[in-house]
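Only one structure is covered here, and it is reproduced in the block below.
The model shown is predicted, which means the values in this text are computed figures rather than measured ones.
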Amino acid sequence: MPNSAPLAVTAGGKFQDPEFTADGSRRASVALHRLETLWINTGTLCNLACRNCYIESSPHNDRLAYIRTDEVTAYFDEIAHMGGGVRVIGFTGGEPFMNPDFIAMLAEALERGFETLTLTNAMRPMTRHCEALLGLRARHGARLRIRVSLDHYTETLHEMERGAHSWALTLAGLHWLDENGFRPEVAGRTCWEEDEASARAGYARLFAQLGLACNADDPIELTLFPEMDASASVPEISSACWAALGKSSSDIMCSSSRMVVKRQGAVRPVVIACTLLPYDPRFELGETLSEATGPVPLNHVHCAKFCVLGGGACGGA
């Protein structure tokens, strides 16, 4: 973004230089104010192949390998050595419940006193672990959070994204969670050409019809994600944009979170800047949390479209 016109879209060459935008303005960056949420990518394999999955998860995509319990607990040990600070451990995929070590990782995080947030489609990979989940819920209560992906409040649009027969199975998983005291959260999308108020009203009607104890007006209980499109033409974010947009770098999720991934064939996991950029090597920060404390240049279209202009965040903390 040029300083004189902070919202003007520049021509080609955007999102290339980590220090400067295409017009020569100083690129905005985000300092790690405090590490509050550590995301663990459990692997990219998933039981679904959603049409617009940002991470391209599918039954065949294993670019990010299944991470192991001992690899995850090494990061928990590092957090303890650092004196804490992290409040939430988030688990995402792929579908986390497909990782053979997932229940053990989840239990370890809870036993260490973390709040956990698991992102799931609530289908068969989750429901085959009902007994284990009930045990964890009995021991750890509300610190065990589960967020279910329900892309729209109508079957037609949800299945347009997730595929045939996904609606009923997801609703069944949601029902099970709700009936067993988990108070599940829901994640939807805002790509359906309706405003947020209309979307929340639609989800509220659905929750009422289903008898779910989920408040559609609460931004945590119902998170609505802006759409991501790596080919979209969006303005770059210069340091001057914070004032122009009335925002602060501390509003952006990489100011308080990091994600651990294990690439297929890699000896060890690595820490990356955020959940949205698992494949871009420019956002790989090191193998340890202590190596990953530096500022993150907003040098990707997702930084601009999803985080800054879209106001999106994965909402762990």
*Verify whether one side chain among T154 and T156 offers a donor that lies under 3.5 Å from an acceptor in the other.*
no

_Looking at N41, is its backbone amide N or carbonyl O close enough to the side chain of T92 to form a donor-acceptor pair, meaning the two atoms are under 3.5 Å apart?_
no

*More than 12 foreign heavy atoms under 6.0 Å from CZ of R282: is that the case here?*
yes

*What residues, two or more places apart in sequence or in another chain, satisfy salt bridge (charged side-chain N to carboxylate O under 4.0 Å, His left out) together with E19?*
R26

*Scan side-chain atoms only and decide if S58 and N61 contain a donor-acceptor pair under the 3.5 Å cut-off.*
no

*Which pairs with one or both residues in residues 279-298 pass ring pair (Phe, Tyr, Trp, His ring centres under 6.0 Å), sequence neighbours excluded?*
none

*asked:* Among residues at least two apart in sequence or on other chains, which ones pass side chain to side chain contact (heavy atoms under 4.5 Å, CB included) with D178?
replied: P184, L212, A213

*Describe, in one word, how the ring planes of F102 and F97 are oriented to each other, choosing from parallel (under 30°), tilted (30 to 60°) and perpendicular (over 60°).*
perpendicular

_Under a 3.5 Å distance rule, please check whether R162 uses its side chain to pair with a backbone N or O of D151 as donor and acceptor._
no

*asked:* So, using side chain to side chain contact (heavy atoms under 4.5 Å, CB included) as the criterion, who are the partners of E221 when residues are at least two apart?
replied: R183, C214, N215, D218

*Check whether NZ of the Lys or CZ of the Arg R137 lies under 6.0 Å from the centre of the six-membered ring of F182 and within 45 degrees of that ring's axis.*
yes

*Test side chain to side chain donor-acceptor pair (under 3.5 Å) applied to T120 - qualifying residues, sequence neighbours left out*: E95

*Taking the side chain as every heavy atom from C-beta outward, state whether R263 and L64 have any pair of such atoms under 4.5 Å apart.*
yes

*Within the side chain of E291, is there an N or O that forms a donor-acceptor pair under 3.5 Å with the backbone of T288?*
yes

*Hey, is D17 close enough to R27 for a salt bridge, meaning N to O under 4.0 Å?*
no

_Can you list everything that forms a side chain to side chain donor-acceptor pair (under 3.5 Å) with S250? Sequence neighbours excluded, please._
S248

*Using a strict cut-off of less than 4.0 Å between a Lys/Arg side-chain nitrogen and an Asp/Glu carboxylate oxygen, indicate whether E36 and R87 qualify as a salt bridge.*
no

